[in-house]
Undergrad: 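The structure that follows is given in the form of structure tokens.
Because the structure is predicted, anything quoted here is derived from the model rather than measured. Nothing fancy with the numbering, it's 1 onward along the sequence.
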Amino acid sequence: MRTYVVAGGTTGMGLGLALHYLRQGDQVTVVGSNPAKGRRFIEDAERLGAGKRAAFIQADLTSVAENRRVIEEVRARHDTLDGLVLTAMRHFPARVETPDGFEATFALYYVSRFLLSHGLTGLLAKTDRPIIVSICGVGMTKGRIHWDDLGLKRGYGGIKATLQGGRATDLLGVAYAARHADGPVRFLLHHPGFTDSGTGSLSQPARSIVKVLAKLFAQPVAKSIEPIIELMDDPPEGALLAYDRREPVGLSLPTLDPGDARRLYDLTGHLL
């Protein structure tokens with residue numbers, strides 16, 4: 001029996017992966033902000049006969065303190081981890097600043113994944129083939145890190161914030177792999193493509209537009225998670241893996257620049 005933690009595991013691909021591994025007989029702890037969705041996950045697990053192997057941790061992952069609490073709760077629940085899946089993401093149409101002083105998209109898309117991946121490395125390193133999966137937009141080259149304005153106080157836009165968060169998450173994988181190159185943990189950046197994983201964080205009219213586009217063009221969650229499961233169950237060699245669905249992404253892309261990865265790590269490393 002393997003053990004997994006899925007951050008953002010009450011909806012979309014996170015939920016799909018969590019339920020898949022429960023069906024496989026594994027232990028799964030999901031993290032999410034909505035208690036009603038957490039209860040539904042536990043109810044789903046009970047219907048699968050897996051209630052004793054499922055757990056829910058309620059947390060606001062835009063908060064540094066909440067991420068640290070999640071790390072401590074996971075350490076209290078589990079002696080080892082086989083996998084950490086990072087899927088939590090929301091769209092913020094207007095700029096929101098967290099109590100820690102981060103722009104909310106950056107806090108959720110980068111800071112939370114940064115804290116959880118490094119914070120749970122000790123448990124992951126105790127298993128044979130541990131993996132961290134960050135579901136993101138790797139391979140995309142749109143957007144950039146606004147080094148002089150990470151908080152996007154000047155000219156905020158929801159798409160601009162999402163693209164910056166995506167590029168920061170790419171660099172997280174690069175920096176993590178460099179710092180843990182001698183360890184057993186593989187870091188997988190995975191771009192699943194357009195997936196019909198819900199529109200709960202979108203406001204109108206974007207919600208209606210995305211719903212229509214999803215019906216026409218998006219893959220269902222069950223289809224999108226298939227390549228992720230394959231890579232989790234039989235990961236290739238290498239500290240850093242990057243895939244767009246089943247196709248490897250070249251690690252020489254400018255969005256995966258090691259110098260930029262070190263720079264971003266240095267800006268946020270104090271949080272560890």
Undergrad: Would you find a donor on one side and an acceptor on the other, under 3.5 Å apart, between the side chain of Q164 and the backbone of H146?
TA: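 Yes, the answer is positive, given that a donor and an acceptor are paired below the 3.5 Å cut-off.
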Undergrad: Is the backbone N or O of R129 less than 3.5 Å from a side-chain atom of T127, with the two atoms forming a donor-acceptor pair by type?
TA: no
Undergrad: Around atom CG of D266, are there more than 12 heavy atoms from other residues, nucleotides or ligands closer than 6.0 Å?
TA: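 Check passes, neighbour count above 12.
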Undergrad: List the steps, then state whether side chain to side chain contact (heavy atoms under 4.5 Å, CB included) holds for V85 with L17.
TA: CA-CA 9 Å; V85 181; L17 288 165; 3.9 Å; yes
Undergrad: Quick one about S134 and H190 (side-chain donor to acceptor, distance below 3.5 Å, no hydrogens or angles considered), yes or no?
TA: no
Undergrad: Do L264 and Y110 touch side chain to side chain, with heavy atoms closer than 4.5 Å?
TA: yes
Undergrad: Mark yes or no for whether R75, through its side chain, and G119, through its backbone, hold a donor-acceptor pair below 3.5 Å.
TA: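 It does hold such a pair.
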Undergrad: Of all the heavy-atom pairs spanning P93 and H91, show the shortest one and how long it is.
TA: CD-O, 3.5 Å
Undergrad: Indicate yes or no for a side-chain donor-acceptor contact from D257 to the backbone of L253 under 3.5 Å, with no hydrogens or angles considered.
TA: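 Side chain of D257 to backbone of L253: no pair is present.
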Undergrad: State whether R69 and E66 are salt-bridged, where the test is any N-O pair (Lys NZ or Arg NE/NH1/NH2 against Asp/Glu carboxylate O) under 4.0 Å.
TA: yes
Undergrad: Quick one: CZ on R186 to CG on L231, what's the gap to the nearest 0.5 Å?
TA: 11.0 Å
Undergrad: Could you check whether Y21 and D233, counting side-chain N and O atoms only, form a donor-acceptor pair closer than 3.5 Å?
TA: yes
Undergrad: Salt bridge or not for R245 and E226, using N-O below 4.0 Å?
TA: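 Looking at E226 together with R245, the answer is no, because their closest N to O distance does not fall below 4.0 Å.
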Undergrad: Which residue is it: D244, L188, L189? I am looking for the one with a side chain to side chain contact (heavy atoms under 4.5 Å, CB included) to V138.
TA: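 Between V138 and the candidates, side chain to side chain contact (heavy atoms under 4.5 Å, CB included) is satisfied uniquely by L189.
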Undergrad: Drop me the distance from L123's CG to L81's CG, to the nearest 0.5 angstrom.
TA: 5.0 Å
Undergrad: Would you check if the distance from the ring center of Y243 to the ring center of H191 is below 6.0 Å?
TA: no
Undergrad: Report, as yes or no, whether the 6.0 Å neighbourhood of atom CD1 on I159 holds more than 12 heavy atoms from other residues, nucleotides or ligands.
TA: no
Undergrad: Hey, does the side chain of D100 reach the backbone of F102 with a donor-acceptor pair shorter than 3.5 angstrom?
TA: no
Undergrad: Check whether R113 reaches the backbone of A88 with its side chain - one donor and one acceptor, N or O, closer than 3.5 Å.
TA: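 Confirmed, R113 side chain pairs with A88 backbone.
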Undergrad: Would you say the ring centroid of F114 lies under 6.0 angstrom from that of Y176?
TA: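 Here the rings of Y176 and F114 have centres that are no less than 6.0 Å from each other.
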Undergrad: Regarding R263 and D260, does a basic nitrogen lie under 4.0 Å from an acidic carboxylate oxygen?
TA: no
Undergrad: Any non-hydrogen side-chain atom of R167 less than 4.5 Å from a side-chain atom of M140?
TA: yes
Undergrad: In the single-linkage hydrophobic clustering (I, L, V, M, F, W, Y; side-chain heavy atoms under 4.5 Å), do L256 and L241 co-cluster?
TA: no
Undergrad: Testing the basics here: between R53 and G25, what is the closest heavy-atom pair and its distance to 0.1 Å?
TA: NH1-C, 3.2 Å
Undergrad: Answer whether the closest heavy-atom distance between the side chains of E103 and L150 falls below 4.5 Å.
TA: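 No. Closest side-chain heavy atoms not under 4.5 Å.
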Undergrad: Side chains of S33 and D60: any donor to acceptor distance under 3.5 Å?
TA: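 There is no such pair (donor and acceptor under 3.5 Å, judged by atom type) between the side chains of D60 and S33.
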Undergrad: Between F41 and F56, does the ring centre distance come in under 6.0 Å?
TA: no
Undergrad: Is there side-chain contact between R95 and T105, with heavy atoms separated by less than 4.5 Å?
TA: no
Undergrad: Taking the basic N atoms (NZ, or NE/NH1/NH2) and the acidic carboxylate oxygens, is any pair closer than 4.0 Å for E43 and R40?
TA: no
Undergrad: In Å, rounded to the nearest 0.5 Å, how long is the span from CG of L108 to OG of S63?
TA: 11.5 Å
Undergrad: Could you tell me whether the side chain of V174 reaches within less than 4.5 Å of the side chain of L240, counting heavy atoms only?
TA: yes
Undergrad: Please check if the side chain of K160 supplies one atom and the backbone of G155 the other of a donor-acceptor pair under 3.5 Å.
TA: yes
Undergrad: List the atom of V6, the atom of A18, and the distance in Å for their closest heavy-atom pair.
TA: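 Looking at all heavy atoms of both residues, the closest pair is CG2-CB, 4.3 Å.
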Undergrad: What's the separation between atom OH in Y4 and atom CG in L22, rounded to the nearest 0.5 Å?
TA: 11.0 Å
Undergrad: Hey, are the side chains of L15 and V30 touching, using non-hydrogen atoms and a 4.5 Å cut-off?
TA: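 Side chain of L15 against side chain of V30, heavy atoms only: no contact under 4.5 Å found.
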Undergrad: Look at the side chain of R2 and the backbone N and O of Q24, then say whether any donor-acceptor pair between them is shorter than 3.5 Å.
TA: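 A pair under 3.5 Å: no.
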Undergrad: Pick out which of I57, L84, L116 makes a side chain to side chain contact (heavy atoms under 4.5 Å, CB included) with V74.
TA: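 In the set I57, L84, L116, the residue that makes a side chain to side chain contact (heavy atoms under 4.5 Å, CB included) with V74 is I57.
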Undergrad: Establish whether V28 and V31 are linked, either directly or via other cluster members, by ILVMFWY side-chain heavy-atom contacts under 4.5 Å.
TA: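 Hydrophobic grouping puts V28 apart from V31.
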Undergrad: Taking all atoms of both residues into account, what is the closest heavy-atom pair of A242 and L251, and its distance?
TA: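 Scanning both residues, the minimum pair turns out to be CB-CD2, 3.8 Å.
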Undergrad: Under a 4.5 Å cut-off applied to non-hydrogen side-chain atoms, are K37 and T11 in contact?
TA: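 Yes - at least one pair of side-chain heavy atoms lies under 4.5 Å apart.
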Undergrad: To the nearest 0.5 Å, what is the distance between CG (L61) and OG1 (T98)?
TA: 12.5 Å
Undergrad: Where do V70 and A59 come nearest, in terms of heavy atoms and distance?
TA: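 Of all heavy-atom pairs spanning V70 and A59, the closest is CG2-CB, 3.5 Å.
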Undergrad: Do the side chains of D148 and R154 get close enough for a salt bridge, i.e. N-O under 4.0 angstrom?
TA: yes
Undergrad: Without swapping roles, check the side chain of T62 against the backbone of A107 for a donor-acceptor pair under 3.5 Å.
TA: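 Answer holds: no.
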Undergrad: Can you tell me how far apart CD (Q27) and OG1 (T29) are? Round to the nearest 0.5 Å.
TA: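 Between Q27 CD and T29 OG1, I get 7.0 Å after rounding to 0.5 Å.
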Undergrad: What heavy-atom pair brings A54 and A45 nearest, and what distance separates the two atoms?
TA: CB-CB, 3.5 Å
Undergrad: So, do M232 and V133 sit near enough that their side-chain heavy atoms are less than 4.5 Å apart?
TA: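 Yes, at least one pair of side-chain atoms sits under 4.5 Å.
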Undergrad: Given 3.5 Å as the limit, does a donor-acceptor pair link the side chain of D82 with the main chain of T3, or not?
TA: yes
